[in-house]
Amino acid sequence: MSRSGQAPRVVVDTNVVLSALVFGGGRWDDLRIAWQSGQCVPLACKPTVSELIRVLAYPKFRLSAIDQHELLSDYLPYCTSVNLPARLPKPIQCRDANDLPFLHLAQVGKSDYLISGDADLLSLAGTFCCPIVTAEEFIGRCLATENQ
């Protein structure tokens, strides 16, 4: 549960979403089921969705346009859209500028968690406006207590 007693609002970085959608299994299935069952509410914005669409099209995944569309339909309908303002809040300094959209989304969307496997984002844990956790930590903290 979130601080408000509602399902936690989460920002899920692209690699975590990709792992849950493309690879599945174990914790990835747990996370996917969590957003599909309303145990958490993923947040999305134009830059994060654009990155997900771009990454799903990478040749190494060998996904047809139809496959990409089906994978997106397993995620995007469960997301709450957040419009980022023209004047973005100044986040904590991060080592990778490509991570800024996720940090901005977490700030503007009042996220309860940012779920990531990215070392640059995880290095900010404890210094950001919301906890930055791995998928395993999120499942252990939030989903395990909800299912008790």
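Given the structure is predicted, the values throughout are model-derived calculations rather than measurements. All values below come from the heavy atoms of this structure, side chains included, with hydrogens, waters and symmetry mates left out.
- Counting only distance, with no hydrogens or angles, the side chain of D29 and the backbone of G25 share a donor-acceptor pair below 3.5 Å.
- Annotation for R54: atom CZ counts as buried by contact number, over 12 foreign heavy atoms lying within 6.0 Å.
- Side-chain N or O atoms of S73 include one that pairs as donor or acceptor with a backbone N or O of E70 at under 3.5 Å.
- In terms of hydrophobic clustering, with Ile, Leu, Val, Met, Phe, Trp and Tyr side chains grouped at heavy-atom distances under 4.5 Å, F23 and V17 are assigned to a common cluster.
- Considering all non-hydrogen atoms of both residues, N15 and D13 come closest at N-OD1, 3.1 Å.
- Taking NZ of K110 as the start and SG of C129 as the end, the distance is 10.0 Å to the nearest 0.5 Å.
- Using modelled atom types and a 3.5 Å distance limit, the side chains of S123 and D120 yield no donor-acceptor pair.
- Minimum interatomic distance between R95 and A119 (heavy atoms only, all atoms of both residues): NH2-O, 3.3 Å.
- Between L72 and I53, the shortest heavy-atom distance links the atoms CD1-CG1, 3.8 Å.
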request  = I would like to know whether L100 and L103 meet side chain to side chain contact (heavy atoms under 4.5 Å, CB included); could you show each step before the answer?
outcome  = CA-CA 5 Å; L100 287 174; L103 295 168; 4.2 Å; yes
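- Nearest heavy-atom pair, R32 versus L71, reported as atom, atom and distance to 0.1 Å: NH2-CD2, 4.5 Å.
- Note on V82: it clusters hydrophobically with I132, by side-chain heavy-atom contacts below 4.5 Å among ILVMFWY residues.
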Chi angles and distances behind the side chain to side chain contact (heavy atoms under 4.5 Å, CB included) call for C40, Y113 = CA-CA 10 Å; C40 66; Y113 294 92; over 6 Å; no
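- To the nearest 0.5 angstrom, L76 atom CG is 6.5 Å from L52 atom CG.
- Here L105 contributes atom CG and L43 contributes atom CG; the two are 5.0 Å apart, rounded to the nearest 0.5 Å.
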request  = Go through the steps to decide whether E51 and F102 satisfy the test side chain to side chain contact (heavy atoms under 4.5 Å, CB included), and finish with yes or no.
outcome  = CA-CA 11 Å; E51 179 174 318; F102 299 96; 3.9 Å; yes
task = Report the C-alpha separation of C45 and T48 in whole Å, then their side-chain angles, then the decisive distance to 0.1 Å, and conclude whether the side chain to side chain contact (heavy atoms under 4.5 Å, CB included) test is met.
result = CA-CA 5 Å; C45 63; T48 61; 3.7 Å; yes
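- Looking at F61 and V55, their side chains come closer than 4.5 Å, going by heavy atoms from C-beta outward.
- Each of L114, V11, I115, V133 was evaluated against L121; a single residue qualifies, L114, per the side-chain contact (heavy atoms from CB on, under 4.5 Å) test.
- Aromatic ring centroids of Y75 and W35 lie under 6.0 Å apart.
- The salt bridge (charged side-chain N to carboxylate O under 4.0 Å, His left out) check on E137 picks up nothing, with sequence neighbours excluded.
- In the hydrophobic clustering of this structure, L88 groups with F128; members are Ile, Leu, Val, Met, Phe, Trp, Tyr whose side-chain heavy atoms approach within less than 4.5 Å, directly or through other members.
- Rounded to the nearest 0.5 angstrom, S19 OG and R27 CZ are separated by 7.5 Å.
- Although no hydrogens or angles enter the test, the distance criterion places a donor-acceptor pair under 3.5 Å between the side chain of D112 and the main chain of R9.
- Among all heavy-atom pairs drawn from C94 and L124, the shortest one is CB-CD1, 3.9 Å.
- Evaluation of the salt bridge (charged side-chain N to carboxylate O under 4.0 Å, His left out) rule for D96 yields no partner, not counting sequence neighbours.
- Cluster annotation: L18 is connected to V10 through the hydrophobic network of ILVMFWY side chains, with a link wherever side-chain heavy atoms come within less than 4.5 Å.
- Of all the heavy atoms in S111 and C130, the pair that sits closest is O-CB, 3.3 Å.
- Taken together through direct or relayed side-chain contacts under 4.5 Å among Ile, Leu, Val, Met, Phe, Trp and Tyr, Y58 and V49 form part of one hydrophobic cluster.
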